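Within every chain, numbering begins at 1; the chains are lettered A, B, ... in the order of the sequence lines, protein sequences first and strands thereafter. The structure presented is a predicted model; accordingly, all values stated were derived computationally and were not measured.
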4 protein chains.
Amino acid sequence: MAKRTGEKYDAIINAAVRVIAQYGYHQAQVSKIAREANVADGTIYLYFENKDDVLVSLFNEKMGAFISDVEKALSNVPSPVNQLRELIRLHFEYLQADAQLAIVTQIELRQSKPAVRKEIGLILKRYLGVIDRVIQDGIKDGLFREDIDVRTARRMIFGTMDETVTSWIMKDCKYSLTDQVEPMLDLFLNGLSK
Amino acid sequence: MAKRTGEKYDAIINAAVRVIAQYGYHQAQVSKIAREANVADGTIYLYFENKDDVLVSLFNEKMGAFISDVEKALSNVPSPVNQLRELIRLHFEYLQADAQLAIVTQIELRQSKPAVRKEIGLILKRYLGVIDRVIQDGIKDGLFREDIDVRTARRMIFGTMDETVTSWIMKDCKYSLTDQVEPMLDLFLNGLSK
Amino acid sequence: MAKRTGEKYDAIINAAVRVIAQYGYHQAQVSKIAREANVADGTIYLYFENKDDVLVSLFNEKMGAFISDVEKALSNVPSPVNQLRELIRLHFEYLQADAQLAIVTQIELRQSKPAVRKEIGLILKRYLGVIDRVIQDGIKDGLFREDIDVRTARRMIFGTMDETVTSWIMKDCKYSLTDQVEPMLDLFLNGLSK
Amino acid sequence: MAKRTGEKYDAIINAAVRVIAQYGYHQAQVSKIAREANVADGTIYLYFENKDDVLVSLFNEKMGAFISDVEKALSNVPSPVNQLRELIRLHFEYLQADAQLAIVTQIELRQSKPAVRKEIGLILKRYLGVIDRVIQDGIKDGLFREDIDVRTARRMIFGTMDETVTSWIMKDCKYSLTDQVEPMLDLFLNGLSK
DNA sequence: CATGAATGAGTTTTCATTCAT
DNA sequence: CATGAATGAAAACTCATTCAT
């Protein structure tokens with residue numbers, strides 16, 4: 001029933017990003033999103049099942065595009081070390097380039113109800129898979145230690161990047177996120193110890 | 001106006017933990033918490049300003065006790081390396097011992113509105129300060145590298161632990177969290193590289 | 001403006017009968033009727049003023065045809081007693097032959113709003129007139145008692161048939177409606193008393 | 001959860017009757033009923049599950065009281081013939097005494113959705129049982145013919161009364177309903193034939 | 001003649017909070 | 001101190017109808 005494609009589909013998703021970023025998740029009413037998208041309230045329901053579907057679709061479209069970009073970029077990078085650098089760089093670059101999107105995916109959408117968060121979690125799994133592959137390649141190529149647990153390493157990489165972006169937003173995006181790439185990569189690769 | 005102390009104060013906070021853990025943040029109505037605490041709805045407003053105050057107080061009481069425990073424990077540990085081990089161990093042990101509390105602080109309370117999350121953030125700062133001190137001590141003692149950025153390292157440590165606990169809950173607390181201490185510490189100290 | 005005639009006019013009315021019978025009055029949206037009739041939503045408004053007009057026209061077409069049939073049939077029956085028998089028989093036969101139509105006119109259309117029900121009432125008047133004439137003829141011919149009130153008798157005849165058809169539908173049309181003709185006629189003519 | 005009893009319970013039901021009678025089923029919003037009952041909108045949900053529950057409860061309370069009255073009255077009447085007279089008389093008297101209630105139960109509530117109508121149908125069954133018993137007693141006492149079908153006779157009695165009340169309301173309650181008792185009883189007992 | 005995308009008005013229900021007892 | 005009945009504001013969604021093509 002819902003079209004899930006077309007000019008207005010994109011307009012509504014982008015309007016949702018702007019409205020949620022500006023007013024916050026709990027003040028992002030359907031009518032506000034509709035007005036921002038220059039469509040009638042009812043039009044939203046021609047393109048989406050319901051409000052939750054708008055939010056999940058938003059995450060899916062934006063995160064899906066990001067993951068595809070990352071996958072494509074990494075496929076051109078030979079060394080797992082450089083792949084990891086590229087992964088962090090793209091993660092930060094992408095969110096730094098669109099602070100509104102960062103606020104929405106990093107802060108606001110996490111307030112959504114369980115059903116929405118579950119869908120979002122599923123989408124994120126694909127990204128975690130990308131991280132896993134970089135780690136596994138690193139081990140296979142003899143660059144990373146064989147005794148590390150892939151899941152532990154993945155949680156370190158994703159958890160650190162996630163926490164870093166959240167901190168950055170909470171500090172009003174005042175500093176450069178991409179400046180964090182090298183120090184973070186260095187920590188990941190070499191750890192704290194002398 | 002709000003008493004913020006007494007037998008019923010604790011009863012309400014503990015009831016809130018149980019209700020939120022069982023029904024989720026969005027289904028944890030004041031009347032449900034009151035019933036669980038065996039008090040009348042109105043009684044909650046004798047001990048707390050409003051519902052948000054219950055949530056913030058809950059986090060404050062539980063997290064405050066945890067941070068004090070951590071501070072006390074670390075003061076008895078000489079080496080920063082062992083302090084870091086102890087920090088991770090206590091973090092995991094504490095949440096593993098009380099899965100309901102883990103669900104509430106780790107998952108449910110993050111769906112709360114900005115005002116509550118801001119308060120929670122302030123409480124967390126004290127914990128982040130504890131982590132910072134361990135890192136700084138490690139550098140001072142010549143155990144950790146001098147060229148690492150304390151904030152970057154802190155975000156790695158906190159972000160990784162946070163992501164790990166969240167994953168553990170999402171997987172229904174099926175495995176042992178404390179088993180993760182040593183591999184994680186190893187990663188923090190030595191990194192991924194051979 | 002509305003054409004009120006043509007191939008699609010009939011197609012829409014018959015589609016409306018099917019949709020209302022299947023989904024019920026409250027789930028019979030214009031778009032559903034349009035799809036069932038293989039026309040676009042807007043096309044309905046080329047043949048009908050509005051949705052209410054579809055419903056009223058439906059009743060008018062179906063009931064009008066029925067009343068004409070009854071009038072023609074009765075004109076060939078000499079005795080008012082046999083006319084009454086024929087009236088009941090045709091009433092039951094007609095609805096028994098088209099259970100969908102029976103459901104729509106007997107159950108679903110009665111949930112419509114006052115304006116539609118009023119129109120339906122006007123159409124029904126013609127049928128009540130037919131009943132009246134049978135009664136009056138019966139009295140004139142000395143077959144029926146002179147002291148009966150025509151309107152009371154008419155309400156008995158119509159009310160009983162109506163209630164009988166409704167019961168039959170509510171019982172899923174499980175038994176034969178036309179089997180009820182003779183016992184009902186007998187009750188009408190001779191009453192309950194020994 | 002819903003209290004289903006108390007002063008306000010009755011106030012809300014009676015307010016619903018007045019509002020539905022005055023504005024019609026489709027214009028009887030919860031807020032209008034609340035205002036008429038001098039309570040807040042939310043108060044209605046302390047006494048009823050939802051709006052449908054108000055309507056079903058309305059019918060249940062009013063019809064239930066009526067049926068009890070009829071049962072009690074008939075138990076003091078020895079002859080089935082007089083029981084039938086009393087049944088018709090009470091049916092008409094009750095609705096004539098409260099034209100608003102008559103409009104609501106006879107006209108407006110029949111526009112309600114299937115779920116509500118189903119509940120109403122169940123309540124009506126008890127009344128149909130009362131009619132059945134009168135007929136059966138009449139047969140047993142040798143006053144009514146043994147060859148009549150109880151269900152056919154019941155549909156005649158109920159259908160005729162129902163149609164009569166509906167006609168009366170449609171004619172704006174201009175004439176006396178109770179004047180119809182004797183002619184109707186006569187028709188039921190003796191039929192149309194000379 | 002026919003289409004079907006777009007419109008936008010309108011209503012039930014929840015639940016944090018109050019305050020008379 | 002404690003109660004719990006009462007309050008009332010606030011928002012997602014449907015669907016009959018229009019009109020540019």
Inset, instruction - Compare the minimum distances between each of F:dA12, F:dT17, E:dT12 and the side chain of A:Q29, then state the nucleotide with the smallest one. - result: F:dA12

Inset, instruction - Could you check D:Q27 against C:V39 and say which one's nearest nucleotide on DNA chain E is further toward the 5' end? - result: C:V39

Inset, instruction - Could you check A:Y47 against C:A40 and say which one's nearest nucleotide on DNA chain E is further toward the 5' end? - result: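 Nearest nucleotide further toward 5': that of C:A40.
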
In whole Å, what is the span from the [atom1] atom of [X] to the [atom2] atom of [N]?
| X | N | atom1 | atom2 | result |
| --- | --- | --- | --- | --- |
| B:K8 | F:dT3 | NZ | P | 5 Å |
| A:E49 | F:dT14 | CD | C1' | 14 Å |
| B:K113 | E:dA16 | NZ | P | 10 Å |
| A:D53 | F:dC13 | CG | P | 10 Å |
| C:R35 | F:dC15 | CZ | P | 12 Å |
| A:L46 | F:dC15 | CG | C1' | 11 Å |
| D:I33 | E:dT11 | CD1 | C1' | 12 Å |

Inset, instruction - Give a yes or no on whether a salt bridge exists between B:K113 and B:D52, defined as a side-chain N under 4.0 angstrom from a carboxylate O. - result: yes

Inset, instruction - Determine, for B:D41 against B:R35, whether the closest basic-nitrogen to carboxylate-oxygen distance falls under 4.0 angstrom. - result: no

Inset, instruction - Report yes or no: is the cationic atom of B:K32 (NZ for Lys, CZ for Arg) closer than 6.0 Å to the six-membered ring centre of B:Y23, at no more than 45° off its axis? - result: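 Yes, B:K32 sits over the ring of B:Y23.
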
Inset, instruction - Verify the contact: side-chain N or O of B:S31 to OP1 or OP2 of E:dC15, cut-off strictly under 4.0 Å; return yes or no. - result: no

Legend entry - Short side-chain N/O contact to F:dC1 OP1/OP2 from B:K3, under 4.0 Å: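 For F:dC1, OP1/OP2 do have a side-chain N/O of B:K3 under 4.0 Å.
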
Inset, instruction - Write down the partner of E:dA2 under the Watson-Crick or G-U wobble criteria, each distance required to be under 3.5 Å. - result: F:dT21

Legend entry - Counter-base of F:dT7, judged by Watson-Crick or G-U geometry with both distances under 3.5 Å: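 Its partner is E:dA16.
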
Inset, instruction - Assign the ring pair C:F48 / C:Y9 to parallel, tilted or perpendicular, where the plane angle (0 to 90°) is split at 30° and 60°. - result: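 Correct class here is parallel.
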
Inset, instruction - May I ask you to say what D:V30 touches in the nucleic acid, namely base, sugar-phosphate or nothing, with a heavy-atom cut-off under 4.0 Å? - result: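 Counting heavy atoms under 4.0 Å across all strands, the contact made by D:V30 includes a base.
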
Inset, instruction - Test salt bridge (charged side-chain N to carboxylate O under 4.0 Å, His left out) on A:R4 and A:D53 and set out the steps. - result: CA-CA 10 Å; A:R4 286 177 191 294; A:D53 190 25; 3.0 Å; yes

